[in-house]
Amino acid sequence: MVHEQFTRKQLDEDFYNAYLKDRLPDRIIDFHTHIALEEDTRNISKDTIKNDWALQCASYMTMEQLKVYHTQLFRDQEVDFLALPFFCMGVDLDANNKYLSENTSHPMMAVDPSFSPERLEEVLIKQGFLGCKPYPAFVTNVKGAQISIFDFITHKQLEVLNKHKKMLMLHLPRKGRLPDDANIYELKLIKDRYPDIKTIIAHFGRSFCVSTLKRGLEKLGSDVNSFYYDTTAVINPDVFKEAFEKIDHARIMFGTDLPLTLWHGKRSWDEENETYTNLCREDFPWNKYIEGSEEESGYTFFIYEQLKNILDAALNDSQIVNSVFNNNAFKLMREA
């Protein structure tokens, strides 16, 4: 069974053949995909789903489903992936971790701030996790809540990750996201205090608008290349151009955010206010059908739009393309 919004049409095949088929590398690593059994996420509250557009798209994805999606999306490529847990209160973290560790080759551990360092270390090592994926949403359901990174992963937990030289993938809190002064301070603190952690800033630090990324990278200054970044759920072509210009491409990894981005559509941006609007064909509660049914009928997969924009920004440079879509992720996962 696949999620009902995943339907591949002829227009998707045509878009793939025109813009992606001969430009993608033979091997791709999807560095950001969420996996869980339906029963492990059934206690996510209706209010939580109602207030989160991404959860309205999907609240679980099994290994079997992911295989279908990857096979259909990437017809000519061998695909591997980094497996992340689901990301809000109501998820059975122990069950989700167990499913990831037993069914995926490269799992990241869900960690709650209440986990003792001893518990974290035992699960992390015995179950073969490459690192941790903490979430602000394990602490509060408020989007962009004004909380600290250390509210959802503690210093004692970070000491464990540093000891074992593991990965840490961060969703940044606070409404300001990457450019927020407190986030910048805490990222640099993690870099200095835990130098053996490989810190990945997910979604370019929620830089869905290029103005967000520019301000964030400026504030990181000389520490820009002390971190890693993933492209997940970013589709803005100007963000990719800025990223490839200002960040060492060896620090950037491709990610899909499956199953949250299975739909057909794209985005528009308000750079002045640093906000975006999803434009979508599928009948989700959040869809405002801004461009109308005729225009929407021509939408291809959101992920295909993202792929094209990444490739365009990379100017078909094979070194950048292979780094972003495969080599960088492979290196990080091997080290962890």
Side-chain angles (χ1 to χ4, degrees), residues 31-34 54 82-89 91 93 106-113 115 120 124 129-140 142-162 164-208 212-213 215-217 219-220 223-234 239 243 247 251-257 260 328-329 332-333 335-336:
F31 201 69
H32 194 124
T33 185
H34 300 277
L82 184 70
L84 307 182
F86 263 73
F87 50 88
C88 62
M89 287 185 279
V91 177
L93 299 189
H106 308 108
M108 291 286 278
M109 178 184 171
V111 57
D112 186 275
F115 289 3
L120 184 149
L124 185 73
F129 288 98
L130 302 188
C132 285
K133 184 66 192 72
Y135 290 100
F138 289 158
V139 175
T140 174
V142 177
K143 287 283 190 179
Q146 295 299 108
I147 62 174
S148 167
I149 292 172
F150 307 118
D151 286 331
F152 57 95
I153 184 162
T154 69
H155 285 285
K156 291 294 185 182
Q157 292 169 341
L158 290 167
E159 288 174 5
V160 173
L161 291 181
N162 191 65
H164 295 284
K165 301 182 179 180
K166 295 292 186 178
M167 294 193 294
L168 170 68
M169 185 178 285
L170 282 175
H171 278 65
L172 295 181
R174 304 183 172 100
K175 291 181 180 179
R177 304 304 190 181
L178 182 61
D180 186 283
D181 288 335
N183 282 338
I184 295 293
Y185 171 79
E186 290 178 356
L187 284 170
K188 292 190 176 192
L189 183 63
I190 290 171
K191 174 191 73 74
D192 292 337
R193 189 174 294 184
Y194 311 106
D196 290 325
I197 293 177
K198 302 166 184 67
T199 302
I200 303 108
I201 303 174
H203 313 285
F204 286 120
R206 302 282 189 177
S207 296
F208 302 115
T212 309
L213 183 64
R215 293 192 302 113
L217 296 182
K219 289 186 177 182
L220 279 174
D223 286 323
V224 165
N225 290 317
S226 298
F227 302 96
Y228 297 88
Y229 307 82
D230 75 35
T231 70
T232 307
V234 175
V239 170
I247 303 170
R251 295 271 168 173
I252 301 172
M253 281 77 65
F254 166 71
T256 63
D257 221 5
L260 312 176
N328 301 339
L332 269 183
M333 293 191 301
E335 291 175 353

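In this structure, the side chain to side chain contact (heavy atoms under 4.5 Å, CB included) partners of Ala329, at least two apart in sequence or on a different chain, are Ile29, Phe31, Met253.
In this structure, Leu161 and Ile153 have side chains that are in contact, with non-hydrogen atoms separated by less than 4.5 Å. Under the 4.5 Å side-chain criterion, counting only non-hydrogen atoms from C-beta, Ile200 is in contact with Leu332. Annotation: side chain of Leu220 is in contact with side chain of Leu178 (closest heavy-atom distance under 4.5 Å). The shortest distance between side-chain heavy atoms of Pro134 and Leu168 falls below 4.5 Å.
Between the Gln157 side chain and the Phe150 main chain, no donor and acceptor come within less than 3.5 Å of each other. Proximity of a side-chain donor or acceptor of Thr231 to a complementary backbone N or O of Gly255 within less than 3.5 Å is detected. The backbone N or O of Thr232 sits nowhere less than 3.5 Å from a side-chain atom of Asp257 that would complete a donor-acceptor pair.
Scanning all heavy atoms of the two residues, the minimum distance from Met167 to Met333 falls at CE-CG, 4.5 Å. Pairing each heavy atom of Phe204 with each of Val234, the nearest pair is CD1-CG2, 4.0 Å. In this structure, Ser148 and Pro173 approach most closely via the heavy-atom pair C-CG, 4.3 Å. Contact detail for Ile147 and Pro136: the closest heavy-atom pair is CD1-CB, 4.1 Å. The minimum heavy-atom distance between Arg251 and Asn328, with the atom names listed, is N-ND2, 4.1 Å.
Annotation for Lys165: atom NZ does not count as buried by contact number, only 12 or fewer foreign heavy atoms lying within 6.0 Å.
For the side chain to side chain contact (heavy atoms under 4.5 Å, CB included) with Cys132, the lone residue among Leu170, Leu120, Val160 that qualifies is Leu120.
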request  = Just do the side-chain contact (heavy atoms from CB on, under 4.5 Å) check on Lys166 and Phe129 with the steps written out, would you?
outcome  = CA-CA 9 Å; Lys166 295 292 186 178; Phe129 288 98; over 6 Å; no
ask   = Step by step, would you call Leu189 with His155 a side-chain contact (heavy atoms from CB on, under 4.5 Å)?
value = CA-CA 11 Å; Leu189 183 63; His155 285 285; 4.2 Å; yes
task = Show your reasoning for whether side-chain contact (heavy atoms from CB on, under 4.5 Å) applies to Phe87 and Val91.
result = CA-CA 7 Å; Phe87 50 88; Val91 177; over 6 Å; no
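Salt-bridge formation is not detected for the pair Lys175/Asp180: no Lys NZ or Arg NE/NH1/NH2 atom is positioned less than 4.0 Å from an Asp or Glu carboxylate oxygen.
Counting only residues at least two apart or on different chains, the side chain to side chain donor-acceptor pair (under 3.5 Å) pairs with a member in residues 197-206 are His171-His203.
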